[in-house]
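Structure first, commentary second.
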Number of protein chains: 2
Amino acid sequence: MAQPAPKAQHEMRQRNLSRVLHTLAAGGPLSRAAVAAEIGLTRAAVSTLVDELLRGGLLVEQGPGRSGSVGRPGTQLLLTDRGPCGVGAEIGVDHLAVCVMDLRGDVRVRAVHATRNQGSDPAVVLHALGGMLHTAAERAAGLGLRPAGLTVAVPGLVARDSATVLRAPNLGWHGTDLAAALPTDLGRVTVENEANLGALAELWSAHHVPPEGGPDSFVHVSAEIGIGSALVLDGELLRGAHGFAGELGHLPVRPEGRPCSCGGRGCLETYAGEEAVLRAAGLEPGPGVRLGALTERCEAGDRDALRAVKQAGTALGIALSGAVNLLDPRQVVIGGSLARLAPWLLPPVGRELARRTAVAAGGRSTPVPVTASPLGPDGPLLGAARFAVRAALDEPAGLLRS
Amino acid sequence: MAQPAPKAQHEMRQRNLSRVLHTLAAGGPLSRAAVAAEIGLTRAAVSTLVDELLRGGLLVEQGPGRSGSVGRPGTQLLLTDRGPCGVGAEIGVDHLAVCVMDLRGDVRVRAVHATRNQGSDPAVVLHALGGMLHTAAERAAGLGLRPAGLTVAVPGLVARDSATVLRAPNLGWHGTDLAAALPTDLGRVTVENEANLGALAELWSAHHVPPEGGPDSFVHVSAEIGIGSALVLDGELLRGAHGFAGELGHLPVRPEGRPCSCGGRGCLETYAGEEAVLRAAGLEPGPGVRLGALTERCEAGDRDALRAVKQAGTALGIALSGAVNLLDPRQVVIGGSLARLAPWLLPPVGRELARRTAVAAGGRSTPVPVTASPLGPDGPLLGAARFAVRAALDEPAGLLRS
DNA sequence: GTATTTCGTCATGGCCGTTGACAAATTAGT
DNA sequence: ACTAATTTGTCAACGGCCATGACGAAATAC
């Protein structure tokens with residue numbers, strides 16, 4: 001009674017419109033007939049859907065395209081590069097970043113500011129971010145783009161309402177409602193953990209080829225100051241009952257080992273966290289001394305650095321073998337700023353995984369492949385923007401102009 | 001062209017029929033109006049759906065029911081206790097079991113045979129099981145029930161096709177196609193890991209109350225000879241990319257500890273597996289000497305037994321804290337034959353979890369609750385039967401008679 | 001140049017949920 | 001006891017949406 005009963009028919013139409021959009025987003029230019037074959041509707045039905053999307057300005061027609069096969073060539077359909085777009089933002093420990101992505105997935109506007117956000121006042125940071133978003137939106141408007149949604153990547157735990165930062169120790173924020181403090185003219189605001197968005201960027205990126213049978217599953221490891229991970233299982237991000245899933249950094253690696261700030265003992269973070277690794281390499285952690293410095297030393301062949309990374313890799317491998325035994329993912333992806341350490345990190349990780357999962361997981365002959373994400377540190381920002389784009393494609397009704 | 005294009009309209013109808021059935025399965029007797037309110041359709045639409053299901057013999061009307069509120073009382077609808085039913089079977093290490101469940105979820109026929117299946121010939125065991133299924137189906141027919149599907153619980157890894165047992169070390173089976181070797185007159189045959197079915201039984205059982213906001217997430221621990229677990233995340237069972245998810249027994253607990261049969265070191269199984277615990281308690285593992293014997297000693301206050309269980313609980317707690325940090329479940333459930341050890345197992349498990357996850361998981365004040373499943377060793381069999389029932393309810397088209 | 005194949009469109013039809021109204025059955029109030 | 005109010009289940013009319021089948025259009029194959 002309260003709400004006017006969701007009309008199952010309209011829902012079906014919306015879903016089919018959305019399926020056309022997603023099919024074109026995934027498969028490049030396609031003809032109506034190809035779309036129909038892909039989503040299992042008839043050509044006639046797809047025609048009406050496409051007409052509606054063309055009139056709404058979400059699709060454009062390219063002239064007849066392919067030849068090489070018999071029959072009349074189809075008119076190629078493409079998502080527009082004008083009109084609605086997604087906006088992504090990233091609040092890092094030492095930078096702010098913003099980018100605007102059109103429906104095709106191309107980044108059209110991008111800006112980064114180096115700032116020091118550790119222990120900062122949320123209001124100040126969010127004001128600065130708001131300014132960046134404002135100028136980015138203006139530049140987008142110059143390209144004929146209008147923002148349809150904003151997604152913000154933060155290095156911390158986000159409540160399941162996707163609006164409030166519960167705990168971001170590296171920023172010093174607790175219980176900050178970002179959605180309320182950011183511009184309202186960019187559409188719905190979604191806040192998400194940066195590791196999660198990095199994993200989604202990996203899942204949705206063009207280089208990522210899903211396995212033959214259905215959606216992918218992988219563990220995506222990243223490291224800002226702590227060690228985080230994101231779990232993509234059957235093509236879906238696992239957020240956890242409270243939104244805390246993926247705390248790889250606190251998997252016990254040596255149960256009675258070093259005490260950890262979390263109150264436990266022997267957590268992965270105390271062996272492979274940034275601070276621990278830097279110390280092991282003989283570097284004094286501090287502002288400016290981050291993983292980048294370690295990477296340089298490794299590239300230079302510094303023995304202490306190499307040894308420290310190897311030890312961290314071993315610890316990471318032990319924790320990951322737990323995750324692999326538990327989740328049976330198709331692969332493990334090293335992303336974020338850790339990706340740059342991959343040349344030295346992957347061998348020990350792979351070694352531990354091979355030791356500890358080969359037979360356990362049912363005698364599979366080849367252990368889980370471990371790869372480094374080519375997106376590297378760009379993952380969270382790109383993932384945020386694409387998250388906004390996909391959210392827009394999910395609701396065509398709100399996008400159709402006129 | 002090959003297949004006649006799935007008609008999206010029929011699919012909608014099927015889904016709505018199924019939603020009516022599931023609503024009644026979950027919510028006991030309801031009126032048409034109540035069903036309509038529950039699934040968000042109009043009363044008129046639900047009326048046509050219900051008529052179809054009544055004519056098909058899947059529902060029955062009870063006389064007008066509730067009073068106590070104003071207005072005309074609705075005629076109560078109920079799933080039939082005749083007609084289609086689900087069949088569950090369990091192949092254990094030392095028993096075979098079969099049960100028949102009607103659409104309401106009531107067990108109507110049940111049979112257990114003690115047999116020794118360790119290292120057995122699959123053909124012999126499956127022949128015996130086939131005989132039990134045959135007599136169970138006959139008894140079901142006497143009650144007016146006709147089997148609509150069979151689900152088999154096995155203590156081993158099952159391929160993602162849900163038909164083939166890849167590896168069941170306790171039975172000594174490898175690559176056995178069960179679906180092909182069982183009676184074909186019981187409907188579609190599904191094979192599933194017993195731990196997974198135990199977890200689903202827990203998820204679907206009447207005593208299980210889902211959290212206010214959406215579906216539940218939990219880790220369900222069980223132990224046949226090895227230590228297995230099943231992961232229910234957001235109301236869905238996680239099977240893993242190869243069907244091997246939940247191998248809790250091979251999480252590293254002491255990375256350089258005891259060598260494990262899997263080739264790794266310090267796996268949970270080497271500390272908390274049945275054989276390890278029995279030895280630690282001073283019992284010689286062997287046929288007939290199983291966890292039951294240990295339970296008796298604990299009940300009798302045997303110090304060695306109590307100490308062994310406590311140590312196992314500590315190891316289990318360490319492994320589980322890894323799982324909890326990674327997955328952020330709403331609770332941990334101890335099921336299967338382990339449930340009987342719960343009085344002695346839960347304290348050390350809870351202690352380790354409290355130490356190692358309290359702050360890590362974002363400062364939540366109360367650690368994850370750990371409970372014992374009241375279903376105990378019945379879980380897998382009941383889960384199998386209910387799995388078959390739910391599969392039937394998912395496809396009303398195949399159930400409607402005449 | 002004709003046959004074949006494929007594409008996109010059109011008119012028709014069927015299915016299905018909604019809308020709005022109505023009779024039936026019960027409770028609340030006088 | 002009688003009326004008003006409320007809720008239930010049903011019916012007829014309506015509208016939306018996809019399927020069907022046929023058609024012209026545009027390319028290739030022989």
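Chain naming here is simple, since letters A, B, ... match the order of the sequence lines and numbering starts at 1 in each.
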Subject >> Gap between atoms CD and C1', on B:E52 and C:dG17 respectively (whole Å) >> reply: 14 Å

Subject >> Between P of C:dG17 and CD1 of B:I39, the distance in whole Å >> reply: 9 Å

**OP:** May I ask you to verify if any side-chain N or O of B:T42 is less than 4.0 angstrom from the OP1 or OP2 atom of C:dG17?
**Re:** no

Original post:
Roughly how many Å is it from CG in A:L59 to P in C:dG8, rounded to a whole number?
Top reply: 13 Å

Subject >> Donor-acceptor under 3.5 Å (A:R160 side chain, A:G240 main chain) >> reply: yes

Subject >> From D:dC18, D:dG9, C:dT18, nucleotide with atom closest to B:R72 side chain >> reply: D:dG9

Original post:
Counting side-chain heavy atoms from C-beta on, which of C:dG8, C:dC15, C:dT18 comes nearest to A:S31?
Top reply: C:dG8

Original post:
Among D:dC18, C:dT18, D:dT7, which is the nearest nucleotide to the side chain of B:A44?
Top reply: C:dT18

Original post:
In whole angstrom, what separates B:H10's NE2 from D:dA19's P?
Top reply: 10 Å

Original post:
Can you find a pair of side-chain heavy atoms, one from B:Q76 and one from B:S31, that are under 4.5 Å apart?
Top reply: yes

Original post:
Rounded to whole angstroms, how far apart are CD on A:Q76 and P on D:dA27?
Top reply: 13 Å

Subject >> d(CG, A:L41; C1', D:dC17) in whole Å >> reply: 10 Å

Original post:
Looking at B:S69, does any N or O in its side chain come under 4.0 Å of the phosphate oxygens OP1/OP2 on C:dT27?
Top reply: no

Original post:
Is the distance from OP1 or OP2 of D:dG9 to the nearest side-chain N or O of B:S47 less than 4.0 Å?
Top reply: no

Subject >> Nearest-nucleotide pick for B:M12, side chain only, options being C:dT9, C:dC16, D:dT8 >> reply: C:dC16

**OP:** Name the closest nucleotide to the B:T48 side chain, picking from C:dG8, C:dG17, C:dT19.
**Re:** C:dG17

Original post:
How many Å lie between CZ on B:R43 and P on C:dA21, as a whole number?
Top reply: 13 Å

Subject >> B:N16 side-chain N/O to C:dC16 phosphate OP1/OP2 under 4.0 Å >> reply: no

Subject >> Atom pair CD (A:E395) and CG (A:L17), whose distance is rounded to the nearest 0.5 Å >> reply: 12.0 Å

Original post:
Of all the nucleotides listed (D:dA19, C:dC7, D:dC18), which has the minimum atom distance to the side chain of A:R13?
Top reply: D:dC18

**OP:** Check if the side chain of B:R32 and the base of D:dG9 share a donor-acceptor pair of N or O atoms closer than 3.5 Å.
**Re:** no

Original post:
Between the side chain of A:S217 and the main-chain N/O of A:R330, is any donor-acceptor distance below 3.5 Å?
Top reply: no

Original post:
In whole angstroms, how far is the C1' atom of D:dC18 from the CD atom of B:Q14?
Top reply: 16 Å

Original post:
Is there a donor-acceptor pair closer than 3.5 Å between any side-chain N or O of A:D177 and the backbone N or O of A:A179?
Top reply: yes

Subject >> Among D:dC18, C:dT9, D:dA29, the one nearest A:V70 by side-chain distance >> reply: D:dA29

Original post:
Closest to the A:A33 side chain: C:dG8, D:dG9, D:dT20?
Top reply: C:dG8

Original post:
Does B:L200 reach the side chain of B:R386, with side-chain heavy atoms less than 4.5 Å apart?
Top reply: no

